Amino acid sequence: MSTSAMDVRNDLLDGLRPYGQEHLVAFWDRLDESQRRSLAAEIRGVDLALVTRLYRDPGLPEAIRDLADRASSPPAVRLADREGRFASETARRRGEEALRAGTVGAILVAGGQGTRLGFQHPKGMFPIGPVSNKSLFQLHVEKLLAVARRYGVRIPLYLMTSPATHDETVEYFAAHRRFGLPEDDLHVFCQGTMPAVDAATGRILLDRLDHLALSPDGHGGMLAALARSGGLDDCRRRGIEHLFYFQVDNPLVEVCGAAFLGYHLAAGSEMTTQVVAKRFPQEKVGNVLAVEGRLRVIEYSDLPDDVAQRRAPDGSLAIWAGSIAVHAFEVRFLERMAASAEALPFHRAKKKVPYVDPATGTRIEPDKPNAVKFERFIFDLMPSARHALVVEVDPAKHFAPVKNASGEPSDTPESAKAQMVALHTAWLAQAGGDVAPGVPVEISPLFAMDANELAAKLTPGTRVTSPAYLA
Ligand code: UTP
């Protein structure tokens, strides 16, 4: 080993020793020059003090119980309340004014590893169109373009990737000319990473001899990454005051929905979030609740069963609001929060992470969870919002998560496609058309964004008898 390679190793060891992480350079002499450089850069990029602190602090389940005990129903626009059209029409008009004024942008988070789906590319490239086979990315961009066209504006898209998805996503958008999105309207930014640690010892895992087991730092990494990449400055420069936030894995999301934005604006809310009414107490969604006037989310896995079972006097679930991870943010709120480093806490999750055995150098594929990963969640911004609001939506129209691989019981590509077809079939019926039973139909957002727009284009009495894609 050359003297300079020894020096680098010794230098790294000095930094690692106080945290018991010396094993990270155990295979230094087996690496070539470029592998050493990249490993050294990765190690220097890790905040070892933070990782140590996060591993040692197991979180406080009692604190969750205490919170849950003090929780009440959040201020909400319920579906039932707006059936008397007036309220929702007023909100829609308010949202439309903001859209027309060009003060709304969109953030799409697509940095996740999509491990459950098991697709070999970024999840946004997954073909979801039930007839068209178009990808999630294409679908989302078309929705955005359709809204922009309707209101005669340009709506910038802030697209978050991670080191796991960045290069392929950028190439994919370039190869498809951004699906029609003007170059200036696409701002791709890459989130940060956190190392996975051995659950028993807290040692950072090596994925390969020259590479740490790093994974994206959670969708909450959006806040720091958007600020760091200049995204918030870009919003300010363009006069964007509100950002519509959505996730890549929901093909039913109503991108920049005017009524949703209108409720957000009318309430003077800094953060507004879409929820669905939970069907049963332990449904696997984040629970939105109010604690002393502040909204927050408690994950289903943290909600004590007796608290989840509580009922309101009318017999409905007391903790009823399940987050579907669609939010509206005031840009000023994000700016304020981005300025405080500790704005978002880290959560721990036990996961299966392949690793290199520090004793032998062999790579091991664990068959049960062996590691702790640390992630930030964007919904943890909620308690900091001076005003926050919950807007209930109908899951049949707004929420079709693509989480699991085909064949799993729920949230699969097949279940999401079936929901898309059901919604588009319903639009066709409302627009005076008819679809033969079992025949899939898909409507491009660029053809119609809703039943009303479809009605304006459809010849009454149209009957669909074979798979159809209206574009
Ligand atoms: P999920 O938490 O469902 O994770 O992400 P995932 O990566 O898609 O899938 P699994 O858990 O590995 O199977 C919800 C949304 O948040 C984004 C994802 O891309 C998805 O849009 N996300 C998640 C990020 O952008 N970054 C992250 O670090 C995590």
Side-chain angles (χ1 to χ4, degrees), residues 106-126 128 135-137 139-141 143 157-166 168-170 172-173 187-196 213-226 228-229 231 243-253 255 273-274 284-286 297 299-302 322-327 329 344-354 369 371-381 399-413 415-416:
I107 310 179
L108 168 57
V109 295
Q113 291 169 303
T115 33
R116 285 168 289 172
L117 182 61
F119 181 55
Q120 291 315 308
H121 305 282
K123 207 191 258 188
M125 290 167 62
F126 190 87
I128 199 65
S135 67
L136 282 159
F137 277 142
L139 178 66
H140 292 319
V141 170
K143 288 187 187 194
L157 176 64
Y158 300 90
L159 170 61
M160 183 166 89
T161 58
S162 68
T165 64
H166 184 81
E168 233 184 317
T169 301
V170 169
Y172 180 68
F173 270 80
H187 176 99
V188 184
F189 65 105
C190 189
Q191 70 180 108
T193 55
M194 284 291 280
L214 297 172
S215 41
D217 58 0
H219 41 65
M222 183 279 274
L223 178 66
L226 184 66
R228 200 170 48 230
S229 69
L243 285 167
F244 177 86
Y245 167 104
F246 64 116
Q247 301 191 155
V248 77
D249 54 10
N250 177 13
L252 276 198
V253 61
V255 175
T273 195
Q274 276 183 17
K284 290 188 173 178
V285 285
V297 170
E299 287 174 272
Y300 65 89
S301 48
D302 289 334
S323 167
I324 61 165
V326 174
H327 314 293
F329 292 108
L344 292 171
F346 278 95
H347 295 247
R348 301 153 59 98
K350 250 186 131 179
K351 294 270 167 83
K352 275 196 281 185
V353 177
V372 179
K373 284 187 175 182
F374 304 106
E375 289 193 2
R376 285 176 150 150
F377 297 153
I378 202 65
F379 55 66
D380 281 326
L381 284 175
F399 188 46
V402 180
K403 298 283 185 194
N404 299 321
S406 300
E408 295 291 325
S410 63
D411 301 347
T412 60
S415 62

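In listed order, ligands and their atoms are each counted from 1. Every value quoted in this text rests on a predicted model; they were computed, and no experiment measured them. Numbering starts at 1 and runs along the sequence shown.
Taking S135 as the reference, Y172 meet the side-chain hydrogen bond (donor to acceptor under 3.5 Å, both in side chains) condition, with sequence neighbours excluded. Partners of E299 by side chain to side chain contact (heavy atoms under 4.5 Å, CB included), not counting sequence neighbours, listed by chain and number: S301, D302, H347, F377, F379.
The nearest protein atom to atom 8 (O) of ligand 1, hydrogens excluded, is given as K123 NZ, 3.2 Å; this is a heavy-atom distance. When hydrogens are left out, the protein atom nearest atom 23 (C) of ligand 1 is G112 CA, 3.7 Å; that is the closest non-hydrogen contact. Among protein heavy atoms, atom 2 (O) of ligand 1 sits closest to R116 NH2, 4.3 Å. For atom 15 (C) of ligand 1, the nearest protein heavy atom (residue, atom name, distance) is Q247 CD, 3.3 Å. For atom 16 (O) of ligand 1, the closest heavy atom belonging to the protein is H219 CD2, 3.5 Å. Of the protein's non-hydrogen atoms, G114 N, 3.6 Å is the one closest to atom 6 (P) of ligand 1. Regarding atom 12 (O) of ligand 1, its nearest protein heavy-atom neighbour is T115 OG1, 2.5 Å. The protein non-hydrogen atom at the shortest distance from atom 21 (O) of ligand 1 is V109 O, 2.9 Å.
Using bins of under 30°, 30° to 60° and over 60° for the plane-to-plane angle, the ring pair F374/F346 lands in the perpendicular bin. Between F119 and H121, the ring-plane angle classifies as perpendicular under the 30° and 60° cut-offs.
Residue contacts with ligand 1 for M222 are absent, since no atom lies close enough (heavy atoms, distance under 4.0 Å). Heavy atoms of E375 found under 4.0 angstrom from ligand 1: none, in either backbone or side chain. With a 4.0 Å heavy-atom cut-off, ligand 1 is reached by the backbone of A110 but not by any atom from C-beta on.
The shortest N or O to N or O distance between G218 and ligand 1 is under 3.5 Å. For ligand 1, the polar-atom distance check finds no N/O of L117 at less than 3.5 Å from any of the ligand's N/O atoms.
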